[in-house]
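For reference, the structure is listed below as structure tokens.
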Amino acid sequence: QEYNSRMIKFAATGQEGTPPVLGMHIFAKKLAERSGNKLKAKVFANGVLGGDVQVLSSLQGGVIEMMVWNAGNMISQEKDFGILDLPFIYQDVGVMDRLLDGDVGKKLTDKLPAHNVIGLAFWEQGFRLLSNNRREVKGLKDMSGLKIRVQQNPLLVDMWSALGTNPTPMGISELYSALETGAVDGQETTAPFMLGSKYYEVQKYITVTRHNYNPQIVLIGKPFWDKLNKDEQALIIDVARETAIEQRKISRDAQTVALDKIRAAGNVVSDVSPAEMENMKQAVKPVIAKYAQTFDPDITTTVFDAVGFKLD
Amino acid sequence: MTIALFSSTLLLMIAIGAPIAYALIITGAALMWQMDLFDGQILAQNIINSVDSFAMIAVPLFILAGEMMNEGGLSRRIIALAQSLVGHRRGGLGFVAIFAGVLLSSLSGSALADAASLSALLLPMMIAAGHNRARAGGLIASSAIIGPIIPPSIGFIVFGVATNLSISKLFLAGIMPGLMIAVALAVTWFFVARNENVAPAPRANLREKGTAFVDSLWALMLPVIIVVGLRFGVVTPTEAAAVAATYALFVSLFVYRELKISDLPALVLRAGKVSAGVMFLVAAAAIPAWMIAIADIPGQIVEMIGPFMESPRLLVFVLMLIIILVGTAMDLTPTILLLGPILVPVVAKAGVDPIYFGVMFMINGAIGLITPPVGTVLNVVCAVGKLDYDELVRGTMPFFLAQLAVLFLLVIFPELVTVPAQWISH
Amino acid sequence: MAHTLKTFYLRLLEWMVIFSLTSILILVTANVFLRYVFNSGIFLSDGMSGLLFAWMTFIGSILVLYDHEHIGVDMLVRRLPVLLRRLCFGLIHIIMIYATWLLLTGSWTQMMINLHVYSPATRLPIAVLYAAGVLFAVASGLFLVTQLALLLTGRLNDADLVVSAGEDEAEADRVATDLGNKTHLTVAKVGSK
Ligand code: NA
Ligand code: NA
């Protein structure tokens, strides 16, 4: 095999210690080992190289080489990726692995070279949970009127409105102090991210809503990709996919560990009964219906069949 | 190597007279070249992404609020109130300057605006009353630099954005140290004024005090709105700035009626241009900052100063000396932009509370505004008060020393910053 | 004719700054108001004010450049003999033109990359943001080239050899002229009102 000396800047906005960033370190280690220290990846966590949107266009412009972020966010490039953000329908990670490593993952990533990036593999961040400072939330009616910070994404804003909350889109950089001071009542993200960004310090009630599942997409910029020879490309794909197996396991363990730590810090952690889960799912059905028709019907059918969801 | 290239390019560019913003862009380009990463997109992305920031919008809004308060008569009434309360003491006008400096700093975000109104309104009175011109100017300059320490503060906004720290926390942590500096200035002035033998102004009677208070009530509401709004999470700093500007506009137009609608376009344009200048600097500084992140200069510094990392106090002490030195020749915003992102990760690693360090940085950077050769506040006081620069520098000396004493007291007892910050925010 | 055009161009830039800052003020204030009075907000408020802010910064920076008011340190240069000052002036302009050129190519590339990428916060293409960078680079680049041409053809006086407002004078002079004529509004008067 022929490997040249290359340095890859690998960026993410997550904190050190969160599952995606742990995956980046594993990737870097494996890549160095397998290429005889020729291909090196340097990890830049915590958004030091910029926000997600900025880093993605740096990949497209050839300034940064690799990144990892929420796969659903690729909706900004290719609308079909929005299907990954549909709420409450993804509950079984085994099914998700099969879909993303199989047909659906391939269909989605095949659309990316046209946008000057290559999708290498799917990792994961886990299930998103709801936290707030107002009251213990055990079901749909407890959510009513809560002011929740959401990502600036129309689908997610619609979803939180459908759940009866008052969604407030806000930049991530202002979130901690907004929670601390009470400008918003709550936020929603995965347990490891609540831990890593210390939101649990300024929140009281956590609800295991598992409302969204966040697969991560590992991207490499096409301008850089085209400079690589076949051996290098094959190795990078191989290492990214091999890392996926380890990273997903780490992420799945991390969810419970993080939740335990948050509970130990004094937060009230509540589960949602299956009946209440069904209530929430029913509440967001119109939103799912609205957005599902904007995605490639082939993908929608495959996904809905696999997870056993019907729009009626 | 990277550090050397960074500082030499920057200094050379500044020395031959390039605007600091362009010097920063060129320094960024030099680093790109050295690291074999040469691409104009890095410039474009960093510049554009740093202006695409909601937190930074607080800058033009606070500048706008400051302009409106100066033009609309709010600042003037605050000074009148201070005078009616403490003007009758020996050296009373000096205490008025300090007291008004504190009040104004809770209204405005910058030392320059405070220096301008204080020296325009109080300096002629102090000189007429028989105070030494240089001492009076020095006191006013020193009182004005409380501006960026007590919230609102454009300095803290820039610092918070550049280092990823909570602006609200920085704001609230700045209140107590700002007041301590005021006390230190008052004590110093007490001794200075004792030697001057200036007859104090007659004591204002209760009716006069009442009138001054009622007259300034509308202006006094503003800091209350800002601090309460931030403390209880009613608003983010950017929103606080918008509310402050809207409130100042309302009071100037409809209550004090010193501002006419027809004055507004010019006023808004001026605020817009001033903040564009500040923002362009912030944006330009993002380029070398990005290259510095890639080269991991904070990591290199941590290794270099290894022994200091063991003792947080000693580390903070050494860093304070460095910032004072940089501050003699550099304005507040560039100092924050250059050193903030490098030093905060370093001190955090050594176990220093970053919010505490942010406050220390701001006090120190603000002191830099009254140290020669480049002291922007000194220049404002000189220009407005028609003073000689060197004379003013000498007049500032006792107050400068008092502020340094406070700074080093806070190095030895960080609790003086962190404990009140806890009280205020909990 | 050329003069009228120039005035029109400058007024246009100025009104764009005024419009942007006023809109930002209204959007952010209205958002706070709506949140507390109607428990709702303007979905696009943050995004739109961010975009306006970016444009305001770039257009404002063009105006600041035209006025030679970008902050700099001219302690050293001011003390140099005229010939050396001319040399520095030329050198700085060449470097600044180069920086502007870099910014132009970078902004252009990014504008093209983001032509069909929509910001969820504004629902507009992200290219609109980078377009501000392109406009800034073109407008300031042309100005810098003109300045350099004037220098080389010997049409600049010694007094025109200003690149930046010395760090000190910029604010101070403005403040002095703004407030100098107001000192008659003494505190005593207000107190006795
Ligand atoms: Na202030
Ligand atoms: Na100084």
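Residue numbers start from 1 in every chain, and the chains themselves are labelled A, B, ... in the order their sequence lines are given, proteins ahead of strands.
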For A/L179, which atoms come within 4.5 Å of any heavy atom of chain B: side chain, backbone, both, or neither?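 Neither part, no heavy atoms under 4.5 Å.
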
Based on non-hydrogen pairs under 4.5 Å, which of B/D39, B/D52, B/N49 is most in contact with chain A?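 Maximum pair count with chain A is reached by B/N49.
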
Determine the minimum heavy-atom distance between [X] and [Y], stating which atoms define it.
X	Y	result
A/L49	B/W290	O-NE1, 2.9 Å
A/K42	B/I294	NZ-O, 3.0 Å
A/Q54	B/Q45	O-NE2, 3.1 Å
B/Q41	A/S57	OE1-O, 4.4 Å

Measure the spacing between CE of A/M7 and CG of B/D36 and express it to the nearest 0.5 Å.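 If we round to the nearest 0.5 Å, A/M7:CE and B/D36:CG are 11.5 Å apart.
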
A quick test of your reading: do over 12 heavy atoms of other residues, nucleotides or ligands sit less than 6.0 Å from CZ of A/R134?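 No, because the 6.0 Å sphere around CZ of A/R134 holds 12 heavy atoms or fewer from other groups.
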
